[in-house]
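Side chains included, hydrogens not; waters and symmetry mates left out as well; all remaining heavy atoms used.
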Amino acid sequence: LIMSPMSENFRSSYYGTLGVSSVAVVKPPSSLDVLFKAEILDVVKLKSICLQHPLTTFHRPLVWKTILGVSPTANNEATRIYVKEQRKQQLEDLKRCLKFVSREPAGTTPSPEEFSLLYLIEKNRLLVSKRAEHTDLCAIAKPFIKLFPADEDAYWLFSSFAAMWETEMESSDLCLGQGYCWIQYCASVCGCGTNCGSKAVSDGC
């Protein structure tokens, strides 16, 4: 079976119809596939590869969940299923707590405001939090909700990232309004490029 140029590389062919002579197509490094097949995933090597190569849509969720500690590094299906179910149950417990506190039914789709409140409940800070903190948490939650369709993936990635961001703030002179700098860092580590910034994360790069 001989494939046509269009079916062989749809993106390049499509851009050609727009007058763009050539488009560089970056293939995922084979070392990344090998790394994910290891018995124990080497996170240090994973970060190194991501700093040198952009990620494909296929690899991005796996990389983000591994680097941010949402998925276990052990390459064991039973372990991954167990961890996923535990996180899903924990998120449901947090949602029940939020429903009890707010006296309002949760929406059918997650929102940055809901994620921010869930995070503050998780950290036992809902009653002592300031409005500026809630605003910044909403801003951080928004790209995770957009990038990851599964509620539990989006929330726990956001939660892990927000905790990392807060730890960095405590050990530096960063202010709350500089939270997007950490989104830029996370984007660079996860393969979006070192200069992508928060807009790139929001755009799903």
Side-chain angles (χ1 to χ4, degrees), residues 43 47 60-74 79-190 192 196-205:
V43 179
K47 290 180 179 180
R60 189 178 303 118
L62 298 173
V63 172
W64 279 62
K65 286 190 282 187
T66 302
I67 290 180
L68 289 176
V70 174
S71 292
T73 56
T79 300
R80 291 182 181 276
I81 292 175
Y82 174 78
V83 171
K84 185 178 179 65
E85 288 300 318
Q86 290 296 307
R87 290 195 178 278
K88 185 176 182 179
Q89 183 60 52
Q90 189 177 354
L91 180 57
E92 290 302 317
D93 291 342
L94 290 172
K95 287 183 176 180
R96 280 193 288 270
C97 289
L98 178 58
K99 182 179 179 180
F100 176 79
V101 172
S102 65
R103 303 293 184 178
E104 294 181 2
T108 55
T109 57
S111 68
E113 292 75 16
E114 179 187 15
F115 272 25
S116 174
L117 295 174
L118 290 173
Y119 178 80
L120 293 172
I121 291 175
E122 179 194 348
K123 303 301 180 183
N124 296 316
R125 299 209 313 263
L126 182 62
L127 299 180
V128 297
S129 61
K130 298 179 180 179
R131 183 167 183 80
E133 180 181 15
H134 176 62
T135 300
D136 285 319
L137 286 171
C138 287
I140 293 176
K142 191 173 182 178
F144 288 100
I145 293 173
K146 183 175 181 179
L147 284 169
F148 298 91
D151 286 10
E152 61 269 20
D153 287 344
Y155 176 75
W156 290 115
L157 283 167
F158 153 72
S159 175
S160 178
F161 183 88
M164 181 175 64
W165 163 59
E166 289 178 340
T167 299
E168 177 64 18
M169 283 202 308
E170 291 173 359
S171 61
S172 68
D173 295 328
L174 288 174
C175 65
L176 284 173
Q178 292 174 298
Y180 270 130
C181 293
W182 266 93
I183 298 183
Q184 178 177 1
Y185 166 77
C186 187
S188 67
V189 170
C190 293
C192 293
C196 64
S198 58
K199 182 179 185 303
V201 181
S202 300
D203 291 342
C205 73

What is the distance from atom [atom1] of [X] to atom [atom2] of [Y], rounded to the nearest 0.5 Å?
X    : Y    : atom1 : atom2 : answer
I121 : L127 : CD1   : CG    : 9.0 Å
W64  : S71  : CH2   : OG    : 14.0 Å
F148 : K65  : CZ    : NZ    : 7.5 Å
E113 : L137 : CD    : CG    : 11.0 Å

Audit row: D151, K95, side chain to side chain contact (heavy atoms under 4.5 Å, CB included) steps and yes/no: CA-CA 11 Å; D151 286 10; K95 287 183 176 180; 3.4 Å; yes

Atom of [X], atom of [Y] and distance for their closest heavy-atom approach:
X    : Y    : value
I145 : P112 : CD1-N, 3.4 Å
A163 : K123 : CB-NZ, 4.3 Å
L157 : L68  : CD2-CD1, 3.6 Å
F158 : I140 : CD1-CG2, 3.9 Å
S116 : C138 : CB-SG, 3.8 Å
L91  : E152 : CD2-CA, 3.6 Å

Qualifying residues under side-chain hydrogen bond (donor to acceptor under 3.5 Å, both in side chains), relative to R96, sequence neighbours excluded: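 R96 satisfies side-chain hydrogen bond (donor to acceptor under 3.5 Å, both in side chains) with D93 once adjacent residues are dropped.
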
Geometric class of the F115/Y155 ring pair [parallel <30°, tilted 30-60°, perpendicular >60°]: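 Plane angle over 60°, so perpendicular.
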
Contacts of type salt bridge (charged side-chain N to carboxylate O under 4.0 Å, His left out), residue E122, not counting sequence neighbours: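 Scan of E122 (salt bridge (charged side-chain N to carboxylate O under 4.0 Å, His left out), adjacent residues dropped) gives none.
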
Residue pair D153, K84: steps toward the side chain to side chain contact (heavy atoms under 4.5 Å, CB included) verdict: CA-CA 9 Å; D153 287 344; K84 185 178 179 65; 3.9 Å; yes

Residues R125, V128; criterion side chain to side chain contact (heavy atoms under 4.5 Å, CB included); working and verdict: CA-CA 5 Å; R125 299 209 313 263; V128 297; 4.1 Å; yes

